[in-house]
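All remarks here apply to the structure that follows.
All values below come from the heavy atoms of this structure, side chains included, with hydrogens, waters and symmetry mates left out.
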Amino acid sequence: RAAALAAFAAKGLPRCSKAPMNTVVLPPAAPDGPTYVYVMTPQTDSKIIPFGGHYRIAVAADGTVGEIRPFTNSCIAMPYKPPHGATPAAMVITHLLDPVPTEIHVFASFVAGVPIMVITKDGRLWAVSGASILSVGQLQH
């Protein structure tokens, strides 16, 4: 965690909140694999879901930092304010960096408590509901 945070600070990566970043550390999937440290924009308002300002940093067993992967190109804070008494069916967001949704979309779905409909750069529509990711189809232009 310390190595990842030091690399994050040294790179001067964009932050989307003045609040302290949240971190999650996942152990290696294999004995020689990297530890992944997620540095994430905190949710400071229960009615706003942060989609931007999240990073995954790979740290080797010897503490050297590898890839620092951003999940968006900008800060995205999506308002989540259903009218009084209404229950939202889903949230919709575009995603330009990957051909499929990422773990950040899964995380956001859990936080929001509703599916996240993700439109990828190739025009494909995906439904992310909790840990489930389903291809819904190709959007027509």
(message) Rounded to the nearest 0.5 Å, what separates atom CE in M78 from atom CD1 in I76?
(response) 7.0 Å

(request) Tell me yes or no: between the side chains of S135 and R124, is some donor less than 3.5 Å from an acceptor? (result) yes

(request) Report whether M40 and I116 are members of the same hydrophobic cluster (ILVMFWY, side-chain heavy atoms less than 4.5 Å apart, transitive linking). (result) yes

(request) List the steps and the verdict of side chain to side chain contact (heavy atoms under 4.5 Å, CB included) for V136 and M117. (result) CA-CA 9 Å; V136 177; M117 305 304 291; 4.1 Å; yes

(request) Please report the closest heavy-atom contact between G63 and A3, naming both atoms and the distance. (result) O-CB, 3.5 Å

(request) Give the cluster check for F51 versus V24: same hydrophobic cluster or not, with ILVMFWY residues linked at side-chain heavy-atom distances below 4.5 Å. (result) yes

(request) Supply the atom-to-atom distance F71 CZ to T102 OG1, rounded to the nearest 0.5 angstrom. (result) 5.0 Å

(request) Could you check if a side-chain atom of V59 sits within less than 4.5 angstrom of a side-chain atom of T64, using non-hydrogen atoms only? (result) no

(message) Hydrophobic cluster membership, with links at side-chain heavy-atom distances under 4.5 Å among I/L/V/M/F/W/Y: are V100 and V118 in one?
(response) yes

(request) Identify whether L26 and V111 are in the same connected component of the hydrophobic contact network (ILVMFWY, side-chain heavy atoms under 4.5 Å). (result) yes

(request) Hey, could you give me the CZ/OG1 distance between F8 and T23, rounded to the nearest 0.5 Å? (result) 11.0 Å

(request) Please report the closest heavy-atom contact between S109 and V128, naming both atoms and the distance. (result) OG-O, 3.4 Å

(request) Kindly say whether D122 contributes a backbone atom to a donor-acceptor pair with the side chain of Q138 at under 3.5 angstrom? (result) yes

(request) Determine the minimum heavy-atom distance between A108 and I49, stating which atoms define it. (result) CB-CG2, 4.2 Å

(message) Do M21 and R15 make a side-chain contact, defined as non-hydrogen atoms from C-beta onward lying under 4.5 Å apart?
(response) yes

(request) Tell me, with the steps shown, if Y38 and Y55 meet ring-ring contact (aromatic ring centres under 6.0 Å, His included). (result) CA-CA 6 Å; Y38 289 81; Y55 302 87; over 10 Å; no

(request) Look up atom CG in L125 and atom CD1 in I119, then write down how far apart they are to the nearest 0.5 Å. (result) 6.0 Å

(message) Test of understanding: clusters of I, L, V, M, F, W, Y form through side-chain heavy atoms closer than 4.5 Å, transitively. Do L13 and L5 belong to the same one?
(response) yes

(request) Check T120 against P101 and note the closest heavy-atom contact, atom names and distance. (result) CG2-N, 4.4 Å

(request) Locate the shortest heavy-atom distance separating W126 from I133; write the atom from each residue and the value. (result) CE3-CG2, 3.8 Å

(message) Rounded to the nearest 0.5 Å, what separates atom NE2 in H54 from atom CZ in R69?
(response) 12.0 Å

(message) If you compare all heavy atoms of G52 against all heavy atoms of T41, which two are closest, and at what distance to 0.1 Å?
(response) O-OG1, 2.9 Å

(request) Mark yes or no for whether Q43, through its side chain, and P50, through its backbone, hold a donor-acceptor pair below 3.5 Å. (result) no

(message) To the closest 0.5 Å, what do you measure between OG1 (T35) and CZ (R1)?
(response) 13.5 Å

(message) Are H105 and H95 packed together at the side-chain level, in the sense that at least one heavy-atom pair is separated by less than 4.5 angstrom?
(response) yes

